[in-house]
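For reference, the structure discussed in these notes is given below.
Just the heavy atoms: all of them, side chains too, but no hydrogens, waters or symmetry mates, feed the values below.
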Amino acid sequence: MFPPLSHLRRRVLAAAPELLVPLFFRCLSTATAPAARKPTTAVAVLWDLAASSPPTTLPLYDAAVRLHLSATSFGRLRLSVAFVHPTHSLPAPAAPAATTHLCRVCGRRFRARDALLRHFDAIHAREHAKRLARVDSSRGDRRVRLAAALSHKLSKYEKAARELTAGADATATPADELGRAGIRVALTRTPAASLRERAQQVLDEGSVGCLMLVSGKDELASLLRVARERGVRSVVVGGESGLARWADVGFSWAEVISGKARNAAPSVSGKWRDRDVLKGLEWRYEEADDEEELVFEDSDGDGVEELARNAKGKPWWKLESDVEDSNVGG
């Protein structure tokens with residue numbers, strides 16, 4: 001005798017209770033929350049290094065990277081140019097009381113730079129060589145999977161090695177540091193005038209929706225007014241000057257370095273979008289004409305002009321024929 005099918009059905013449902021839930025509710029439960037919408041506005045960053053320099057406690061490369069992170073929080077980075085005087089040199093970084101050197105691979109700290117270099121060569125350089133040898137000795141699909149699994153560690157080592165090499169170079173120029181951070185450098189003897197000319201060109205092209213000026217020159221206030229008239233949002237970095245009063249939002253270098261500017265960018269962008277929506281829905285009163293011309297359609301076309309002339313200035317229910325009928329009836 002075979003066991004009853006009902007018994008088998010109870011066993012299946014006990015093993016998979018989710019089958020009892022209808023398909024519609026299962027779809028609702030498995031649906032993930034919608035991802036936060038990222039701003040897609042094109043952003044242009046124009047930096048006058050002489051007028052707005054980051055604090056000397058932070059290397060110029062790190063300050064430029066954090067500036068880029070803040071700019072990308074407002075939208076898609078389209079243009080990034082720094083205007084540097086040819087004679088501009090990197091200031092000597094102000095070392096804190098207790099100087100420590102951080103290993104970017106494992107996170108260990110060393111008091112002397114020589115100890116960090118010995119640690120890097122003795123441990124991380126050998127590990128990197130072993131990983132490369134493993135990838136080179138693999139073939140086919142195994143090589144692809146192994147390269148994908150080790151890509152994060154390989155890129156982390158290469159980035160740390162570049163930073164150590166750049167730190168050892170004492171003749172590094174601001175152009176080298178900014179170029180390493182992904183900023184295009186324009187050498188000019190008049191950085192403020194070149195920045196103003198480039199910003200005016202960007203506004204005339206209309207290719208960006210957000211303009212970030214890293215400068216402390218109050219002469220650029222008229223440029224920010226033009227940007228507001230053309231519907232371009234403006235961000236000023238270097239809030240110590242009065243230029244930030246004319247911008248939509250302003251940040252200091254301390255806020256950019258600490259990450260406060262990057263965290264505040266989504267809420268600021270949301271307020272801008274809400275303001276644009278409310279401005280589009282704003283009701284405007286348009287004064288109508290005092291006299292409206294009445295047009296009557298007649299199948300024969302006879303007497304239309306005379307009827308319109310008699311009806312002008314009178315309600316539609318009081319015509320000349322009604323007045324005559326009332327007089328006769330009286």
Side-chain angles (χ1 to χ4, degrees), residues 45 47 49 53-73 77 80 82 84 88-185 214 237 252-263:
V45 179
W47 186 0
L49 188 59
S53 299
T56 57
T57 56
L58 190 70
L60 184 59
Y61 168 77
D62 294 342
V65 169
R66 300 187 186 189
L67 178 66
H68 265 187
L69 292 176
S70 301
T72 52
S73 301
L77 188 61
S80 180
V84 183
H88 190 92
S89 58
L90 290 176
T99 304
T100 58
H101 301 274
L102 176 66
C103 177
R104 298 292 182 178
V105 178
C106 62
R108 290 184 58 184
R109 294 182 178 274
F110 299 88
R111 293 186 178 181
R113 180 179 175 83
D114 296 337
L116 173 61
L117 293 177
R118 289 194 301 267
H119 160 78
F120 196 85
D121 292 337
I123 298 178
H124 300 304
R126 293 181 180 180
E127 292 177 351
H128 184 70
K130 291 179 181 179
R131 295 189 187 101
L132 293 179
R134 288 180 59 190
V135 173
D136 292 340
S137 61
S138 303
R139 295 293 181 272
D141 296 341
R142 187 174 183 275
R143 179 189 179 94
V144 175
R145 291 193 299 267
L146 187 60
L150 298 178
S151 60
H152 177 68
K153 294 183 179 180
L154 294 176
S155 61
K156 189 176 183 179
Y157 172 85
E158 293 174 357
K159 182 178 179 181
R162 283 198 303 267
E163 291 185 2
L164 288 177
T165 305
D169 188 5
T171 62
T173 62
D176 299 335
E177 295 295 308
L178 295 175
R180 195 161 59 94
I183 300 178
R184 194 176 68 183
V185 179
V214 188
V237 175
S252 62
W253 269 111
E255 294 173 338
V256 171
I257 293 173
S258 63
K260 292 182 179 180
R262 184 183 181 185
N263 296 332

Within this structure, what is the [atom1]-[atom2] distance for the pair [X] and [Y], rounded to the nearest 0.5 Å?
{"X": "Y61", "Y": "R180", "atom1": "OH", "atom2": "CZ", "result": "5.5 Å"}
{"X": "L67", "Y": "L178", "atom1": "CG", "atom2": "CG", "result": "9.5 Å"}
{"X": "I257", "Y": "L69", "atom1": "CD1", "atom2": "CG", "result": "12.0 Å"}
{"X": "S137", "Y": "L146", "atom1": "OG", "atom2": "CG", "result": "7.5 Å"}
{"X": "S252", "Y": "K260", "atom1": "OG", "atom2": "NZ", "result": "8.0 Å"}
{"X": "L77", "Y": "S70", "atom1": "CG", "atom2": "OG", "result": "11.5 Å"}

Test log, rule side-chain contact (heavy atoms from CB on, under 4.5 Å), inputs S80 and R184 = CA-CA 6 Å; S80 180; R184 194 176 68 183; over 6 Å; no

Over 12 non-hydrogen atoms of neighbours within 6.0 angstrom of CG in D141 = no

Has R142 got more than 12 heavy atoms of other residues, nucleotides or ligands less than 6.0 Å from its CZ?
-> no

Heavy-atom closest contact ([X] atom, [Y] atom, distance):
{"X": "H68", "Y": "A181", "value": "ND1-O, 3.6 Å"}
{"X": "S73", "Y": "R262", "value": "OG-CG, 3.0 Å"}
{"X": "L60", "Y": "W47", "value": "CD1-CH2, 3.9 Å"}
{"X": "R109", "Y": "T100", "value": "NH1-OG1, 3.4 Å"}

Heavy-atom check, side chain of [X] versus side chain of [Y], under 4.5 Å:
{"X": "V256", "Y": "W253", "value": "yes"}
{"X": "P55", "Y": "L58", "value": "no"}
{"X": "L102", "Y": "R104", "value": "yes"}

Yes or no on side-chain contact (heavy atoms from CB on, under 4.5 Å) for R162 and K159, after CA distance, side-chain angles and deciding distance?
-> CA-CA 5 Å; R162 283 198 303 267; K159 182 178 179 181; 3.9 Å; yes

Non-neighbouring partners of R134 that pass side-chain hydrogen bond (donor to acceptor under 3.5 Å, both in side chains), sequence neighbours left out | none

Please step through side-chain contact (heavy atoms from CB on, under 4.5 Å) for the pair V185 and D176, ending with a clear verdict.
-> CA-CA 9 Å; V185 179; D176 299 335; over 6 Å; no

Hey, can you pull the donor-acceptor pairs under 3.5 Å for the side chains in residues 115-133, sequence neighbours left out?
{"residue": "H119", "atom": "NE2", "partner": "H124", "partner atom": "NE2", "Å": "3.0"}

Is there a donor-acceptor pair under 3.5 Å between the side chain of R113 and the backbone N or O of F110?
-> no

